[in-house]
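Notes follow once the structure below has been shown.
Since the structure is predicted, the reported quantities are computational estimates derived from the model, not experimental observations.
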Amino acid sequence: MKKRTGKWWAMGLLSSALVMSVFTGVGAASNDSTNEFSELGTARVLIQSDSDVRTGYFAEPLEVRHDFGEEGFSLDVNSDQLNQLKSDPNVKITVLKKLKIAEYIEEDQASEPEFSPAAVVPWGIKAIYKNQSLSAATGGADVRVAVLDTGVYTQHPDLTANAEQCNDFTQASPVVTGACNDAHGHGTHVAGTVLADGGSGAGIYGVAPDAKLWAYKVLDDSGSGYEDDIAYAIRYAADQSAQLGVKTIISMSLGSSSKSTLMANAITYANQQGVLVVAAAGNSGPTVNSIGYPGALVNTVAVAALENVQQNGTYRVADFSSRGKSGQAGDYVIQERDVEVSAPGRAIQSTWNNGGYNSISGTSMATPHVSGLAAKIWASNPSWSSQDVRVELQKRARGNDIKGGSNSAVGDDIASGFGFPTVQPGDQ
């Protein structure tokens, strides 16, 4: 038996170099968040008030971080300010916790970054193309994929030609444009699986190398982030999509064991702007009812992880991949905390933040496979809506059922969802 160690987390990465990160399911112990005060002695809060507490309420004016209109505004306060605000019956205040990742070590899968890929086309890309002889990927033209993560090393030879936006939502300003430094590596890895273009020919390919990258840093260099920063970035991507008149997919390899109203409302807003949202199911498997948010939301495509092992004639759902709610299988109807589709997510090699390559695992790695496939489908059908693309993903998944792994079964199940959607002839 493999030795595993770990502790629970909420908002953060769903994978990490040499490790796999996890977030808790509903029934897990609730010790997954940090103290409400940061190392700077401040807490992030959301405020709703009929009176303007930003000026005249304290000796010094409060600096608003993000304004969410009727939902309120977020800012950082010290302990005295927090206590004063909490004591005011006219002020509704919600502490926004900064939630952390935890390591889920599988000792036999430890790896080190390499400067050359083991294969120009990794196993996951070959699997989603259903072509074990594939020498290069194609497609995704005129589609934008916003990767909300730890940032992206946009100068990577396999990514630089596709990098169109590079923004940081973790700094003091609401957004710092032209900056998306990835000191962690996770975001660069995710971006590569979506759209790496092989560089000069010696690099690696993602699913849709003709798509354009919007690299949005919403998680800090340790792999954690505040829900207001992520919600603001979702809305920002949706607004950019509408203003530029482009087809946009938001890809989020992050999650939480609890639901964020700010993020849920932001995703609804993005859907209304015609944006498709794809997110990781989580790494709390094989526990039942452990899908994390925002993947657990009905208007988000939740992606489970497959491994390169054949069982019952199909790929196998990884044991770490979160499972959906029992009783919600078999109907091909997406409800809250359902897995929708599955894709390769174990031992996935992709681009890394040192200009090289690394192999890591998690539903974080499965998610960009589906985001890339969605880009190819949309590029092939430019008149389609985001909902049309989602329906097509579901259709293709139903045609490629997964029957390997615990809780997998014929048809819609709580492990693999509808199945594994793949590239079809004619996709561009």
Side-chain angles (χ1 to χ4, degrees), residues 1-2 4 14-15 20 22 25 104 106 108-109 119 121-134 193 207 253 278-292 295-296 301-332 334 337-349 359-373 393-424:
M1 180 178 292
K2 299 171 185 175
R4 293 174 176 170
L14 300 191
S15 71
M20 292 187 296
V22 297
Y104 191 75
E106 289 195 317
D108 60 347
Q109 287 196 346
V121 182
W123 83 263
I125 307 302
K126 290 179 179 179
I128 204 166
Y129 271 79
K130 300 182 76 171
N131 183 354
Q132 293 303 309
S133 301
L134 188 69
T193 297
V207 180
S253 291
V278 184
N283 303 336
S284 295
T287 303
V288 173
N289 193 21
S290 60
I291 306 299
V301 179
V303 186
L306 303 175
E307 54 192 8
N308 194 16
V309 175
Q310 294 290 308
Q311 186 178 68
N312 298 325
T314 72
Y315 288 105
R316 186 171 71 189
V317 179
D319 55 354
F320 62 77
S321 187
S322 290
R323 268 58 173 178
K325 291 181 70 173
S326 57
Q328 292 184 183
D331 57 4
Y332 289 105
I334 296 301
R337 287 190 177 272
D338 264 348
V339 175
E340 188 157 340
V341 297
S342 47
R346 179 167 243 155
I348 303 300
Q349 189 171 54
S359 293
I360 56 179
S361 299
T363 52
S364 274
M365 285 55 260
T367 301
H369 282 87
V370 173
S371 299
L373 177 59
L393 287 171
Q394 294 174 348
K395 176 183 175 183
R396 295 187 184 192
R398 292 181 69 161
N400 191 29
D401 197 14
I402 295 296
K403 293 171 282 188
S406 63
N407 300 112
S408 293
V410 175
D412 176 27
D413 60 58
I414 65 172
S416 67
F418 291 14
F420 174 22
T422 57
V423 173
Q424 292 186 355

When you compare the side chain of [Y] with that of [X], does any pair of heavy atoms fall below 4.5 Å?
{"X": "Gln394", "Y": "Ile334", "result": "yes"}
{"X": "Asp413", "Y": "Asn407", "result": "no"}
{"X": "Ile291", "Y": "Asp338", "result": "no"}
{"X": "Arg337", "Y": "Asn289", "result": "yes"}
{"X": "Thr422", "Y": "Leu373", "result": "no"}
{"X": "Arg346", "Y": "Asp319", "result": "yes"}
{"X": "Glu307", "Y": "Tyr315", "result": "no"}

Inset, instruction - Given side-chain contact (heavy atoms from CB on, under 4.5 Å), test His369 with Thr193 step by step and report yes or no. - result: CA-CA 6 Å; His369 282 87; Thr193 297; 3.4 Å; yes
Looking only at atom types and distance, does a side-chain atom of [X] sit under 3.5 Å from a main-chain N or O of [Y], one as donor and one as acceptor?
{"X": "Trp123", "Y": "Pro344", "value": "no"}
{"X": "Thr363", "Y": "Ala305", "value": "no"}
{"X": "Ser364", "Y": "Ser253", "value": "yes"}
{"X": "Ser359", "Y": "Ala347", "value": "no"}
{"X": "Thr314", "Y": "Lys403", "value": "yes"}
{"X": "Gln311", "Y": "Gly405", "value": "yes"}

Please report the interatomic distance [atom1]([X]) to [atom2]([Y]), rounded to the nearest 0.5 Å.
{"X": "Asp401", "Y": "Ser408", "atom1": "CG", "atom2": "OG", "result": "8.5 Å"}
{"X": "Ile360", "Y": "Met365", "atom1": "CD1", "atom2": "CE", "result": "3.5 Å"}
{"X": "Lys130", "Y": "Asn400", "atom1": "NZ", "atom2": "CG", "result": "5.0 Å"}
{"X": "Ser342", "Y": "Leu306", "atom1": "OG", "atom2": "CG", "result": "4.0 Å"}
{"X": "Ile414", "Y": "Gln328", "atom1": "CD1", "atom2": "CD", "result": "9.5 Å"}

Inset, instruction - May I ask you to decide if the ring planes of Phe418 and Tyr332 are parallel, tilted or perpendicular, using 30° and 60° as cut-offs? - result: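 Judged by the thresholds at 30° and 60°, the geometry between Phe418 and Tyr332 is perpendicular.
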Legend entry - Side-chain H-bond candidate by donor/acceptor type, Ser406 with Arg323, under 3.5 Å: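 Arg323 and Ser406 do have a side-chain donor-acceptor pair below 3.5 Å.
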Closest approach of [X] to [Y] (non-hydrogen atoms, all atoms of both residues):
{"X": "Val278", "Y": "Ser371", "answer": "CB-OG, 3.6 Å"}
{"X": "Ala343", "Y": "Val370", "answer": "CB-CG2, 3.8 Å"}
{"X": "Val341", "Y": "Pro421", "answer": "CB-CD, 3.8 Å"}
{"X": "Ala415", "Y": "Ala304", "answer": "O-CB, 3.3 Å"}

